[in-house]
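Structure, as C-alpha cells:
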Amino acid sequence: MTKNIPLNVLDHVSVSEGQTVREAIEHSLEAAQLIDKLGFKRLWFGEHHNMISLASAANPILIAQAAQVTERIRVGSGGLLLPNYAPLQVAESFGTLAQLFPNRIDLGLGRAPGTDAQTAQLLIRSGSDPQSFANSIYDLTGWFSDEGMASSVPVTSNVGTGTNIPMWILGSSMNGASIAGQLGLPYSVGSHFSPENYREKIELYRSTFKTTAPTAQIEEPYTMAGINVLVASTDEEAERLWTTTQQMLIDGQTGKQRLLQPPVDPDELGTEQERALIESMVSNKAVGSQETVHNKLKEFTHQSGIDELIVVTYTYDPEDRKRSMELLADLWF
C-alpha cells in the first residue's frame, strides 16, 4: 500500500452566528493544537478583509499565536497577499516569526487583494502586476538569505537574515502558475475555490519551472492543491453540516454579510439555480463518511498528481470541525 501524501489545513477563522470574534480565534487555536497532535504537516491561515464571517485578517499574528500553542506542525500564510504590504514589512514580520519558531514557518504569497475593490484601495502598498510581484519576491529572497540584503536596495531586514524561510506561490489562475514556475518556487493551486482547469494550471507550472531563477528554493516542481473536506459519521450527516458552507457561499454571491449559519435540511437550501452555482464553485470537495471522503481524496490526489494536499473545512459548531479533523486523520494517517 502506497503512503498517502502529506495532509495540511487551511484556516480562515470562521465566525458563527452567536459567536464573538474572540471566541472564533480561541476555537481556531484549540483546533491548531488538535491537528498538531493528529499529525497534519502544515497549518496555514488565509487572508480576507471586510468579511464579517472570517477573522483571518492579520495572519502573521495568528501564525505567531498558533506556533506558540503547538509543538511540531509548520505554521504559515495561505496566503499573505503581498500587494497589501510593503515587502520589507513582510521580511521583518516573518523574519521575526522564524527567529521565534525556527524551521516551522512557511510564507505562502498571493497577488489577489482578498477583498472588494474599495477595501483593497485602503490596503494596497505594492504592485499586484506579475513583474512587481516578482520583484518583491526577489527582494524577500535577499532579505531571508545569509547575506540579508535585497538586490534592489542596500537595506537589510536584520531579523530575516539567514532564516531562508520557505516561500510558496499561491494562485488560482494560469498567470499565478506561470509565475510560480518561473520563480522556481513551490506552487499551491486554489482548487478549493477555483476548480476550473486546475490540472492545466499545475501542468503549466511544471512546464515553466526554472531551477536557475535567482529566487529558486527547490530543484524540481513541487505542488499542493486545496480541496473542501467535511467528514462525519454518515454521508447524510456530512451533507447536512455542509449546508453551512453552502449558505456562506450563497451569501458571498448575493452580497449578503452574515456570520456562519446553522445547518439546514439540504432540500431547503436556496434555489435550484443557487445550489448549482455553488456546487460548480466548490466541485473539488470530499464531503461524507470516512469511506466516502477517503475515496474522493484518493481520486483527487491521483488525478492531480500533487505532492501535498491542503483541506478547508467550515462548520457552524467548532466541535463538528474538530470531529471532522479527527475522522480525517484517522482515515489518512
Side-chain angles (χ1 to χ4, degrees), residues 8 10-11 13 25 28-29 32-33 36 41-49 55-114 122-128 132-170 179-180 183-188 213-218 222:
N8 312 305
L10 177 60
D11 190 356
V13 194
I25 293 173
S28 178
L29 295 177
Q33 292 177 298
D36 183 37
K41 183 176 182 178
R42 308 177 198 271
L43 167 63
W44 284 3
F45 289 96
E47 179 181 338
H48 291 276
H49 304 277
S56 57
N59 60 25
I61 297 174
L62 294 170
I63 291 166
Q65 292 298 306
Q68 183 66 48
V69 299
T70 55
E71 298 178 358
R72 175 201 55 81
I73 196 168
R74 297 191 65 89
V75 190
S77 57
L80 183 121
L81 305 179
L82 194 50
N84 296 341
Y85 303 85
L88 179 58
Q89 177 189 6
V90 176
E92 291 176 337
S93 295
F94 277 78
T96 301
L97 286 169
Q99 299 290 353
L100 291 170
F101 309 103
N103 301 313
R104 290 185 57 204
I105 302 300
D106 294 330
L107 175 54
L109 296 164
R111 288 195 303 133
L122 299 173
L123 290 166
I124 194 162
R125 291 294 178 270
S126 59
S128 60
S132 295
F133 184 70
N135 289 342
S136 294
I137 293 173
Y138 286 132
D139 283 342
L140 287 170
T141 301
W143 281 320
F144 293 144
S145 71
D146 292 341
E147 293 74 29
M149 196 71 69
S151 58
S152 66
V153 60
V155 172
T156 179
S157 70
N158 188 28
V159 291
T161 301
T163 56
N164 294 294
I165 298 171
M167 289 188 287
W168 291 68
I169 302 301
L170 278 61
I179 291 170
L183 293 175
L185 294 172
Y187 173 55
S188 180
T215 50
Q217 292 186 334
I218 51 177
Y222 196 85

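As a basis for the values below, the full set of heavy atoms in this structure was taken, side chains included, without hydrogen atoms, waters or symmetry mates.
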Checklist entry - Can Thr141 and Ile137 be said to form a side-chain contact (heavy atoms from CB on, under 4.5 Å), step by step? => result CA-CA 6 Å; Thr141 301; Ile137 293 173; 4.2 Å; yes
Next on the checklist: Please evaluate residues Phe45 and Val75 with respect to the criterion side-chain contact (heavy atoms from CB on, under 4.5 Å), reporting the C-alpha separation (whole Å), side-chain torsions for both, the decisive distance (0.1 Å), and the verdict.
Outcome noted: CA-CA 8 Å; Phe45 289 96; Val75 190; 4.0 Å; yes
Checklist entry - Phe94 and Leu140: side-chain contact (heavy atoms from CB on, under 4.5 Å), yes or no, with the steps? => result CA-CA 10 Å; Phe94 277 78; Leu140 287 170; over 6 Å; no
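For the atom pair CE of Met149 and CG of Asp146, the computed distance is 13.0 Å after rounding to the nearest 0.5 Å. To the nearest 0.5 angstrom, Trp168 atom CH2 is 7.5 Å from Ile218 atom CD1. Separating the CZ atom in Arg111 from the OG atom in Ser136 is a distance of 11.5 Å, to the nearest 0.5 Å. Leu88 contributes atom CG, which lies 9.0 Å from atom OG of Ser93 (distance to the nearest 0.5 angstrom). In this structure, CD1 in Ile165 is found 11.5 Å from OG in Ser145, a value given to the nearest 0.5 Å. Here the straight-line distance linking atom OG1 of Thr215 with atom CE of Met167 works out to 7.0 Å at 0.5 Å rounding.
By the 4.5 Å heavy-atom criterion applied to side chains, Asn8 and Leu43 are not counted as neighbours. In this structure the side chain of Leu81 never reaches within 4.5 angstrom of the side chain of Leu123, judged on heavy atoms. Taking 4.5 Å as the limit, every side-chain heavy atom of Trp143 sits out of range of all side-chain heavy atoms of Val90. In this structure, the side chains of Pro60 and Leu80 come closer than 4.5 Å at one or more pairs of heavy atoms. You'll find the side chain of Phe144 stays beyond 4.5 Å of the side chain of Gln217, heavy atoms only. Inter-residue side-chain proximity for Leu62 and Asp11 is flagged as unmet; no heavy-atom pair is nearer than 4.5 Å. Using a 4.5 Å heavy-atom cutoff, the side chains of Asn59 and Trp44 are not in contact.
Screening residues 68-86 for side-chain hydrogen bond (donor to acceptor under 3.5 Å, both in side chains), with sequence neighbours left out, gives Glu47-Asn84, Glu47-Tyr85, Thr70-Arg104, Arg74-Asp106.
Shown here for Ser28 and Val13, the closest heavy-atom pair between the two residues is OG-CG2, 3.8 Å. Residue Thr163 comes nearest to Gly95 through the heavy atom pair CG2-O, 4.1 Å, listed as atom of the first residue, atom of the second, then distance. The minimum heavy-atom distance linking Gly78 with Leu10 is given by the pair O-CD1, 3.3 Å. Nearest heavy atom pair, residue Gly184 against residue Ala213, reads N-CB, 4.3 Å. Nearest heavy-atom pair across Ala32 and Ala66 is CB-CB, 4.3 Å. The minimum heavy-atom distance between Tyr138 and Ser151, with the atom names listed, is CB-OG, 4.2 Å.
Counting only distance, with no hydrogens or angles, the side chain of Gln65 and the backbone of Leu29 share no donor-acceptor pair below 3.5 Å.
For Ile61, the CD1 atom sits in a loose shell: 12 or fewer heavy atoms of surrounding residues, nucleotides or ligands are nearer than 6.0 Å.
Partners of Asn103 under the side chain to side chain donor-acceptor pair (under 3.5 Å) rule, at least two apart in sequence or in another chain, do not exist in this structure.
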